[in-house]
Every structure is written in C-alpha cells, then in structure tokens.
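Just below is one structure, and these are the notes that go with it.
What you see is a predicted model; the values in this text were computed from it and never measured. These values consider heavy atoms only, across backbone and side chains, with no hydrogens, waters or symmetry-generated copies.
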Amino acid sequence: MTTLADLEAVALGCVACPLASGRTKVVFSAGNPAASLMLVGEAPGHDEDLVGEPFVGRSGQLLDRLLSEELGLDRTGCYIANVVKCRPPGNRDPVPLEVAACRHFLESQVELVSPKVIVSLGNFASRTLLGVTEGVTSLRGRSYSYGSRVLVPTFHPAYALRGGGVVVAEMRADLVRAKKFLL
Ligand code: URA
C-alpha cells in the first residue's frame with residue numbers, strides 16, 4: 001500500500017504533463033492527513049508555486065478565516081489539496097490533459113486520508129469531482145455522495161474575495177453544511 005509520503009515523493013518528481021516545465025514547486029498538500037475534512041481547490045497560483053503549499057495567498061487567508069470562524073479549525077484540523085499540483089501559466093484553468101495526468105494523485109490522497117467530508121472549492125474542483133458540467137452556483141446549497149464520503153461544493157475563496165458579502169455568507173452556509181456531516 002502506498003503511503004502519502006511515497007505519493008508525495010512521486011508527485012515531486014512528476015513530469016507527466018507540460019506544467020512540470022513551468023513550475024517552481026509542486027504543491028502537494030497542506031494540513032493533517034488524519035483529518036475528517038478535506039478541502040479541494042483547483043491548482044496552485046503564483047504564491048503557492050513559490051512556497052509549495054496550497055492556499056497561501058489572499059484567498060487562502062480568507063479560507064483560513066472562514067474555517068476558523070465556522071468550524072473552529074485551523075490547518076491542523078483539515079487536509080488541503082488541489083486537483084492539479086503544478087501551476088498553470090497565468091493562472092488559467094487546467095486543461096483536460098493536465099487533469100488526466102494529475103488526477104490519480106488526488107484520488108489516492110482521498111483514499112489515503114479517507115476524509116468523511118470533502119469540500120470542493122469553486123467551479124473547477126466541484127465539476128471535476130462530481131463529473132458534471134454545471135457551475136458551482138447551481139451545484140452548491142446541498143451535499144452529494146462521493147463514494148462512501150460526503151461532498152459539499154462551495155465557492156472558490158478567490159471568487160468570494162471578488163464577490164463580497166453575499167458570496168462569503170453563502171460560503172459560510174456551505175461550511176456549516178459540511179460541519180453537520182463531521183459530527
Ligand atoms: N487557488 C487554488 O485553487 N488552489 C490554491 O492552492 C491556491 C489558489
């Protein structure tokens with residue numbers, strides 16, 4: 001059985017798609033691999049590529065604040081990963097070939113961390129995990145089964161930063177929805 005450490009070591013040397021040539025660091029995960037809550041974002045941005053950790057920029061600060069205020073959790077109480085582990089140039093959405101090359105890492109992370117609840121952050125992660133084409137605005141507001149787990153889609157914190165109070169309030173409501181499945 002592979003461990004998360006083995007998987008991370010493979011990811012750090014991965015050249016399976018063209019994003020490898022443009023990255024500074026592979027961004028594998030943050031947080032606690034024993035957590036019951038896993039958050040899944042899209043792909044590293046500029047700051048994450050430099051630091052090698054997901055959600056370290058402004059959207060990460062909002063995410064940390066909402067996790068603390070709604071769930072009483074910091075990064076030791078959840079596990080965070082992205083669908084794609086290397087930064088797409090100019091922060092564009094990952095393309096299907098990149099997702100196809102990278103997806104097995106996320107799937108293995110889900111199996112090894114074995115969270116009760118997965119919160120998908122934004123259109124891209126929500127669509128990819130649920131295998132649907134709808135946007136997060138219509139997907140959010142309810143929970144889905146994801147194998148034996150529960151998936152709760154919510155907005156991406158970068159969108160919430162631009163969208164203001166209403167979007168942040170809806171993100172809070174989604175986190176409260178996720179919390180009920182953690183109890
Ligand atoms: N946006 C994401 O989706 N993931 C990160 O790690 C940072 C920004």
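- Between Lys25 and Glu53 there is no salt bridge, since none of the side-chain N atoms of the basic residue sits less than 4.0 Å from a carboxylate O of the acidic one.
- Contact check on Arg140 versus Glu134 returns no salt bridge, with no Lys/Arg side-chain nitrogen under 4.0 Å from an Asp/Glu carboxylate oxygen.
- Listed by first and then second residue, the side-chain hydrogen bond (donor to acceptor under 3.5 Å, both in side chains) pairs involving residues 150-159 are Thr154-Asp174 (not counting sequence neighbours).
- Thr24 and Asp49 are linked by a side-chain donor-acceptor pair at a separation below 3.5 angstrom, with hydrogens and angles left out of the test.
- Distance alone, capped at 3.5 Å, is enough to place a donor-acceptor pair between the Ser138 side chain and the Gly135 backbone.
- Between Pro33 and Leu4, some side-chain heavy-atom pair lies under the 4.5 Å cut-off.
- Tyr79 approaches Asn32 most closely through the heavy-atom pair CB-O, 3.4 Å.
- Here the CG-OG distance, from Leu151 to Ser143, works out to 9.0 Å after rounding to the nearest 0.5 Å.
- Looking at Val150 and Val152, their side chains come closer than 4.5 Å, going by heavy atoms from C-beta outward.
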Atom pairs and distances, donor-acceptor, side-chain atoms in residues 56-67, under 3.5 Å, two or more places apart:
| residue | atom | partner | partner atom | Å |
| --- | --- | --- | --- | --- |
| Asp64 | OD1 | Arg75 | NE | 3.0 |
| Asp64 | OD1 | Arg75 | NH2 | 3.3 |

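- Within the 3.5 Å criterion, the main-chain N or O of Val132 finds no donor-acceptor partner in the side chain of Arg127.
- Taking the side chain as every heavy atom from C-beta outward, Gln109 and Lys85 approach each other to under 4.5 Å.
- The side chain to side chain contact (heavy atoms under 4.5 Å, CB included) test with Pro54 is passed by exactly one of Leu39, Val40, Ile80: Ile80.
- Put simply, the side chain of Val83 does not reach to within 4.5 Å of the side chain of Glu42, judged on heavy atoms.
- Judged purely by atom type and a 3.5 angstrom limit, Glu48 has no side-chain atom pairing as donor or acceptor with the backbone of Arg87.
- Between the Ser126 side chain and the Asn123 main chain, no donor and acceptor come within less than 3.5 Å of each other.
- In the hydrophobic clustering of this structure, Val110 groups with Leu7; members are Ile, Leu, Val, Met, Phe, Trp, Tyr whose side-chain heavy atoms approach within less than 4.5 Å, directly or through other members.
- Using a 4.5 Å cut-off on side-chain heavy atoms (C-beta onward), Tyr144 and Leu139 make contact.
- Minimum heavy-atom separation, Ile118 to Arg149: CD1-CD, 4.1 Å.
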